[in-house]
Amino acid sequence: MCECNGTKVVHVEIMKGVWVVQPCPNCTQAVHQHYEKELAGCCLMYAIKTFEEHRVLATGEEPELHRLVLAKYQHGEWQFPVVIEEEAAKPWDDTTYLASMRPDPQTEEREQIRDIRRAHRAGKYTIRALTDETGYITKRVSYLVHKYSLPLRNEYWRAEKYDNPNEIITGQTVELLGEKLGAPARSIRQASYSNGIVCGYYISRVPKV
């Protein structure tokens, strides 16, 4: 095997503790292609895929993926069957590899709010009932319920940051929301009629179911 291990670059120690990266002196393009094929054949990677659609959720070494799957199920973030399949490794840099191990937050949120809405349609109208039904943690369920303005058994007031829809503040009454925003209840109530802005937040009232 060439000393570059198929990467066409080597790390050379020019003095104790000081390394430089330079082209491999032994590696021509033809030689590199040979080693790249050899590496692709012997170094195997694994992928977590959804059972039905075979959509790739993460890739990496097998032990890391088993730990990831266990953590996702324990936290209730994955409510669907997955499989870990072997696949040939592809040459990529550390940034790409690490990024592949992080599931897309937007995809996760879409899956979570879909599950919460399904439970909501089934008659679960409290945070606790939705948490029990979906298996997600209470804090996450509460955040998504208020972000997407799902009605509950009691009405509530919500404030959404005008330049950041992910920043949500809620209160069971207009007075409580006013205390959190540091604004008069009258201003909050008036703003709710026209989706107006108070202290940099859009105001709305979510009626009970």
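Just so you know, residue 1 is the first one in the sequence shown, and it goes up from there. Heavy-atom basis, side chains included; hydrogens, waters and symmetry copies ignored.
- How far OH of Y125 is from NZ of K208: 13.5 Å, rounded to the nearest 0.5 Å.
- Y201 and I168 fall into different hydrophobic clusters, defined by Ile, Leu, Val, Met, Phe, Trp and Tyr side-chain heavy atoms under 4.5 Å apart, directly or through other members.
- For K72 and E77, the salt-bridge test passes: some basic side-chain N is under 4.0 Å from an acidic carboxylate O.
- In this structure, the side chains of L152 and V145 come closer than 4.5 Å at one or more pairs of heavy atoms.
- Closest approach of I188 to V174, counting heavy atoms only: CG2-CG2, 3.6 Å.
- Contact check on R158 versus E160 returns a salt bridge, with a Lys/Arg side-chain nitrogen under 4.0 Å from an Asp/Glu carboxylate oxygen.
- Here the closest non-hydrogen pair linking L130 and K124 is CD2-O, 3.3 Å.
- Few gaps surround OH on Y143; more than 12 heavy atoms of other groups in view lie less than 6.0 Å from it.
- Residues E109 and Y148 have side chains that bring a donor and an acceptor to within less than 3.5 angstrom of each other.
- Judged purely by distance below 3.5 Å, without hydrogens or angles, the side chains of T138 and R128 never pair a donor atom with an acceptor atom.
- Side-chain heavy atoms closer than 4.5 Å link hydrophobic residues (I, L, V, M, F, W, Y) into clusters, and following such links, even through other members, never connects Y156 to L176.
- Rounded to the nearest 0.5 angstrom, C199 SG and L181 CG are separated by 5.5 Å.
- We find the CZ-CG distance between R121 and L150 to be 10.0 Å, quoted to the nearest 0.5 Å.
- Across all non-hydrogen atoms, the minimal contact from V198 to A183 is CG1-CB, 3.5 Å.
- Counting heavy atoms from C-beta on, the side chains of N166 and K147 come closer than 4.5 Å.
- Nearest heavy atoms, Q172 versus W157: O-CD1, 4.0 Å.
- Summarising the geometry, atom CG belonging to D115 is positioned 9.5 Å from atom CD belonging to E133; distances are rounded to the nearest 0.5 Å.
- With rounding to the nearest 0.5 angstrom, the CG atom of L68 is 10.5 Å from the OG1 atom of T59.
- The structure places OG1 of T134 at 10.5 Å from CZ of R118, a figure rounded to the nearest 0.5 Å.
- Contact of the L177 side chain with the T170 side chain is not registered, since no non-hydrogen atoms from C-beta on lie closer than 4.5 Å.
- Closest of all the heavy-atom pairs between R205 and S192 is N-CB, 4.4 Å.
- Looking only at side-chain heavy atoms (C-beta outward), Y136 and I116 come within less than 4.5 Å of each other.
- With a 4.5 Å cut-off on side-chain heavy atoms, P151 and H120 count as touching.
- Across every non-hydrogen atom of A159 and I203, the tightest pair is CB-CD1, 3.8 Å.
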May I have the step-by-step check of side chain to side chain contact (heavy atoms under 4.5 Å, CB included) for R189 and E175, ending in yes or no?
CA-CA 9 Å; R189 194 181 299 277; E175 289 79 15; 4.2 Å; yes
